[in-house]
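The model shown is predicted, which means the values in this text are computed figures rather than measured ones. Each chain gets a letter, A, B and so on, in the order its sequence line appears, and its residues count up from 1.
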2 protein chains.
Amino acid sequence: MIQTALLAPLNVDRAPRYREAAYTAIKSAILDGRFAPNQSLVEEQIAAMLQISRTPVREALAILEHEGLIAPRQGRGLYVATLTRDEFVAMFVANETVEPYLVRRAALQASLEQLEALNQAIRRAQEAVTAIDMVGFLRASRDFHRLLGEASGNAPLTRFVVQNEERTDIYLIGSGQRIEPANMEASIHEHGAILDALIQRDPESAARLAIYHAQSLRQRFAELFRS
Amino acid sequence: MIQTALLAPLNVDRAPRYREAAYTAIKSAILDGRFAPNQSLVEEQIAAMLQISRTPVREALAILEHEGLIAPRQGRGLYVATLTRDEFVAMFVANETVEPYLVRRAALQASLEQLEALNQAIRRAQEAVTAIDMVGFLRASRDFHRLLGEASGNAPLTRFVVQNEERTDIYLIGSGQRIEPANMEASIHEHGAILDALIQRDPESAARLAIYHAQSLRQRFAELFRS
DNA sequence: GAACATAAGATTGTATACAGAGTGGACGGA
DNA sequence: TCCGTCCACTCTGTATACAATCTTATGTTC
């Protein structure tokens, strides 16, 4: 069983703490689909892959567990967290509630650099669709929402939105569901429309489009649970 | 220096993990004002108070740090996190954004038991004001918002709201600010009005009152930064 | 052949040991 | 007296050791 590909050894030169590096490495592995939902995460194995001891790995796992990305299994062990349908929907609802505010603020105060960064995120999403790279598409979409949050200037809301999206993305990636290219294109198109409204400095249009986008997302993904 | 009062030894009999117990104990100590902002949190001391080793204490602290309740000091050590004025306001704005949704849902679907629990929370807040117990008042207020979130049925939003409120409460408690009894009374009155709207099953009134409440809160507390 | 008991192994949870970095204080010199 | 340097101590971060528990496999009995 070759595990090399799963996690590369950390070669952080001791300055940033191993805990942080392990946290990032494990989270990236989950979000890239290298650790699948329901897969068991063994501390010793992860430590070996990262070539550090169990201590910082445990601390990273404790944080990830608290965030809800991983969960303790019945009696023993941790696994990448799945979501029930209701939890999945709750995440989308949460973001629907928040995003209109984010885009309104962004429309009022986003800098040109921030608008350009949003544009780049859309471009990366488009490239990922072309390359049939679902993980890349989801990452670029998360980036878009994160940048939107940053442009709004509200850190807690930004963090919240991104965290919810991470959890739904993990589900999508791990469930083996394939997102229809048409759906990805639609999502990208909606992002583009929001960005246009931001450039026009039109908060109400932006908010309307954000609500539409959030609802579309929820509908598109909720369908996945039927199959 | 008698530290006995700060943290009582854990006498969890090994079933719930020490990490969880330590997390709760430390968090409670912070929210009760026993650990003040800018106070240095020394792992060894905390471990000694809880009569456990540093390992689970460190894990608990890692989580609290990730949550933002504590933060690493310049080069060395952890301290109870303070908030800048902007961060403080951002927390209130975040909750303002979310709470209208929560109360709308709660108006539609809160059970009688949940309404009664909300009523109890208001009563506890009132008792705390009478007893000139600011910490108790803030705890009861947090309970009110938490119960509101639970009644809404959206776990992520509930968690988010409570977490934000914890952070602002820590600031209020630790800053040594005294909240005017009149302000506490006003807040309780607004909670009562929201609860009435829930009982009437009137989502729009409830939402309106929630917005008013959130804005009032923000204004009342923002004033504290002037002094 | 099936089911249960028992033992060995795997894995977690906690404690302790150790190394490195930062802080504070004491001592010496200007 | 004030400043600087150096040393000791404190505290963090990581590693390792140990204990307890759960799993699994094997063997024995019915």
**Study point:** Interatomic distance where CZ belongs to B:Arg58 and P belongs to C:dT14 [whole Å]
**Key:** 15 Å
Review point. Roughly, in whole Å, what's the span from CZ in B:Arg54 to C1' in C:dC18?
Key: 11 Å
Exercise for review: Please state how far atom CD1 in A:Ile52 lies from atom P in D:dG13, giving the value in whole angstrom units.
Suggested key: 14 Å
Practice item. State plainly whether the residues B:Arg167 and B:Glu67 are in salt-bridge range, i.e. N to O under 4.0 Å. Key: no
Exercise for review: Write down the distance between CD (B:Glu43) and P (C:dA21), rounded to a whole number of angstrom.
Suggested key: 17 Å
Review point. Expressed in angstrom and rounded to an integer, what is the separation of A:Leu41 atom CG from C:dT12 atom P?
Key: 9 Å
Exercise for review: Look only at the side chain of B:Ser175 and the backbone of B:Tyr171, and say whether a donor-acceptor pair between them is shorter than 3.5 Å.
Suggested key: yes
**Study point:** For atom CD of B:Glu44 and atom C1' of C:dA15, their distance in whole Å
**Key:** 11 Å
Check your understanding: Is A:Glu87 salt-bridged to A:Arg85, cutoff N-O under 4.0 Å?
Key -> no
Practice item. Considering just the side-chain nitrogens and oxygens of A:Ser53, establish if one lies under 4.0 Å of OP1 or OP2 belonging to D:dA15. Key: yes
Review point. Relative to the 5' end of DNA chain D, which residue comes earlier, B:Ser40 or A:Pro56, by the nucleotide with the nearest heavy atom?
Key: B:Ser40
Review point. Are A:Arg76 and C:dT12 close enough that a side-chain N or O sits under 4.0 Å from OP1 or OP2?
Key: no
Exercise for review: Starting from C1' on C:dT12, measure out to OH on B:Tyr18 and report it in whole angstrom.
Suggested key: 15 Å
**Study point:** Side-chain donor/acceptor of A:Ser141 to backbone N/O of A:Phe137, under 3.5 Å
**Key:** yes
Study note, to complete from the structure: To the nearest angstrom, the CD-C1' distance between A:Glu59 and D:dT14 comes to 9 Å
